[in-house]
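Quick notes on the structure that follows.
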Amino acid sequence: MSPDATDAAAAAAAGDLFAANLKGSLLAVASSAFIGVSFIVKKKGLRRAGAAGTRAGVGGYGYLLEPLWWVGMVTMLVGEIANFVAYMFAPAVLVTPLGALSIIVSAVLAHFILNEKLHRVGVLGCGLCIVGSTMIILHAPQERTPGSVEQIWNLATQPTFLCYAAVAVAVSLFLILYCSPRYGQTNIMVYVGICSVVGSLTVMSIKAVGIAIKLTIEGMNQAGCFQTWLFAVVSATCIVIQLVYLNKALDTFNTAVVSPIYYAMFTTLTILASAIMFKDWSGQRASNIASEICGFLTVLAGTVVLHSTRDPDQTVSADMYTPLPPKIYWHIQGNGDIGKQKEDDSLTCEFITVVRQDYFV
């Protein structure tokens, strides 16, 4: 083949990879918008369910009967489907960080709908998220799709990724079985940590299923491979775990706190898992890798700024239901005279003056 033909083929391949990355980016942006809206709608549903029964944060499942929560779930499902398709076209290093846009959507909507105020400096945080996401898009790696599920299976069973998966499973079990019952209601890192660690495995398995579906549509049937169904089972299991503990986190802590911390941990672990399994940065120039890292750090800075400027959540505490002290004192003010009465005193006095004001202390 002549040099000109080789250059033309390389240019065509690069054009196809760029088009695939563009499709993945647009789908990821749409996914972020839907997911950001779903955070707010689900939070409203959780509040309604908590007002009528046991809150999700303390083990209640009344939100399953709340229509508004289901609207939020459907919205999130649409966003996750768009995200799922995005992984078919673009690498996780590109798709996952764009989830920062959902933080902006949820922060703005929470300001108007949930009364979780977004201060002026928080707008700077939103801007940093957008700038960082743009840097990541412009310097994203051009990933080549594996030719079969068997190739993905070989990537998933390489020793380095098996070590990562084993550590992720061990940490998740420790957080679920030991930390969640003891510290889940007081430490946000427990619930969010479970979602993030399990989420990194979710993305890897979902990406494998997405590639299998894409190959099948293109005429290379992957439904007969047991690896396809194994990846599907892992995806479903991880998604259920994420949903349960994300609901607990949203019901227990402020949305403005949950969203950025979840994004930062989830994205970091997903990029690490993808780099290990799919070798996303293999063959890239050092300048591109540095630009992607800087973009991600800019997004993280934006999430920190956004989080630091938000008001704490006014959550319902169990302390609100503490019984009153056994003795109550009050004052009654008459025509210029103030008398003091205590609960254990005899109420034999007669009040003949016109009562103008009373109050408890």
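Residue numbers start at 1 and run along the sequence shown.
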Over 12 foreign heavy atoms within 6.0 Å of NZ, Lys214: yes

Take Ser25 and Leu94 through the side-chain contact (heavy atoms from CB on, under 4.5 Å) test and state the conclusion after the steps. CA-CA 7 Å; Ser25 300; Leu94 169 61; 3.5 Å; yes

More than 12 heavy atoms of other residues, nucleotides or ligands under 6.0 Å from CZ of Phe34: is that the case? no

Reported CZ-to-CD1 distance for the pair Phe296 and Ile271, which is rounded to 0.5 angstrom: 4.5 Å

Is there a donor-acceptor pair closer than 3.5 Å between any side-chain N or O of Arg48 and the backbone N or O of Lys44? no

Do the side chains of Phe89 and Asn21 get nearer than 4.5 Å, heavy atoms only? no

Mind running side-chain contact (heavy atoms from CB on, under 4.5 Å) on Leu246 and Ile194 for me, showing each step along the way? CA-CA 9 Å; Leu246 183 58; Ile194 294 170; over 6 Å; no

Examine Leu177 and Val167 and state if one hydrophobic cluster contains both, with Ile, Leu, Val, Met, Phe, Trp and Tyr joined whenever side-chain heavy atoms are less than 4.5 Å apart. yes

Any side-chain donor-acceptor pair under 3.5 Å between Ser205 and Ser235? yes

side-chain contact (heavy atoms from CB on, under 4.5 Å) evaluation trace for Val93 with Glu292: CA-CA 9 Å; Val93 174; Glu292 291 166 28; 3.6 Å; yes

Answer with yes or no whether the side chains of Ser31 and Glu80 bring together a donor and an acceptor at under 3.5 Å. no

Give a yes-or-no answer on whether the side chains of Tyr164 and Gln158 include a donor-acceptor pair shorter than 3.5 Å. no

Please examine the side chains of Ile239 and Ile206, heavy atoms only from C-beta on, and report whether any two atoms are closer than 4.5 Å. yes

With a 4.5 Å cut-off on side-chain heavy-atom distances among I, L, V, M, F, W and Y, is there a chain of contacts connecting Leu272 to Val197? yes

Is a side-chain donor or acceptor of Lys207 paired with a backbone partner of Tyr87 at a separation under 3.5 angstrom? yes

Do Leu101 and Ser133 have side chains that approach each other closer than 4.5 Å (heavy atoms only, starting at C-beta)? yes

Without swapping roles, check the side chain of Ser102 against the backbone of Gly99 for a donor-acceptor pair under 3.5 Å. yes

Minimum side-chain heavy-atom gap Ser148-Met220 below 4.5 Å: no

Spacing of CG belonging to Leu109 relative to OG belonging to Ser38, to within rounding of 0.5 Å: 10.5 Å

Ser274 (side chain) donor-acceptor with Thr270 (main chain) under 3.5 angstrom: no

Can you find a pair of side-chain heavy atoms, one from Lys42 and one from Leu68, that are under 4.5 Å apart? no

By ring-ring contact (aromatic ring centres under 6.0 Å, His included), which residues pair with Phe112, not counting sequence neighbours? none

Spacing of Met204 atom CE and Leu201 atom CG [to the nearest 0.5 Å]: 8.5 Å

Does Thr228 use its side chain to pair, donor to acceptor, with the backbone of Gln222 at less than 3.5 Å? yes

Same cluster or not: are Leu173 and Val192 linked, directly or through other Ile, Leu, Val, Met, Phe, Trp or Tyr residues, by side-chain heavy atoms under 4.5 angstrom apart? yes

Can Thr202 and Gln242 be said to form a side chain to side chain donor-acceptor pair (under 3.5 Å), step by step? CA-CA 9 Å; Thr202 304; Gln242 279 185 270; 2.8 Å; yes

Ile261 and Met189: side-chain contact (heavy atoms from CB on, under 4.5 Å), yes or no, with the steps? CA-CA 8 Å; Ile261 295 178; Met189 301 304 292; 3.9 Å; yes

Give a yes or no on this: more than 12 heavy atoms of other residues, nucleotides or ligands lie within 6.0 Å of atom NZ of Lys23. no

Side-chain contact test, heavy atoms from C-beta onward, threshold under 4.5 Å: evaluate it for Ile213 versus Phe84 and give yes or no. yes

If you count every heavy atom of other residues, nucleotides or ligands that lies below 6.0 Å from Arg120 atom CZ, does the total exceed 12? no

ILVMFWY network linking Met88 to Leu26, side-chain heavy atoms under 4.5 angstrom: no

Tell me the closest heavy-atom pair linking Ile136 and Pro97, and the distance in Å. CD1-CB, 3.3 Å

Correct closest heavy-atom pair for Ile40 and Ser106 would be CD1-O, 3.3 Å

In Å and rounded to the nearest 0.5 Å, what is the CD1 to NZ distance from Ile188 to Lys248? 14.5 Å

Indicate if Val233 and Ile211 have the same hydrophobic cluster label, given that clusters are the connected sets of ILVMFWY residues with side-chain heavy-atom separations under 4.5 angstrom. no

From Thr157 atom OG1 to Met277 atom CE, the distance as rounded to the nearest 0.5 Å: 8.5 Å

So how far is it from Asn247 CG to Leu243 CG, rounded to the nearest 0.5 Å? 6.5 Å

Would you say that Ser172 contacts Val169 through its side chain, given a criterion of any heavy-atom pair below 4.5 Å between the two side chains? no

Taking the side chain as C-beta and beyond, is there a heavy-atom pair between Phe266 and Cys195 under 4.5 Å? no

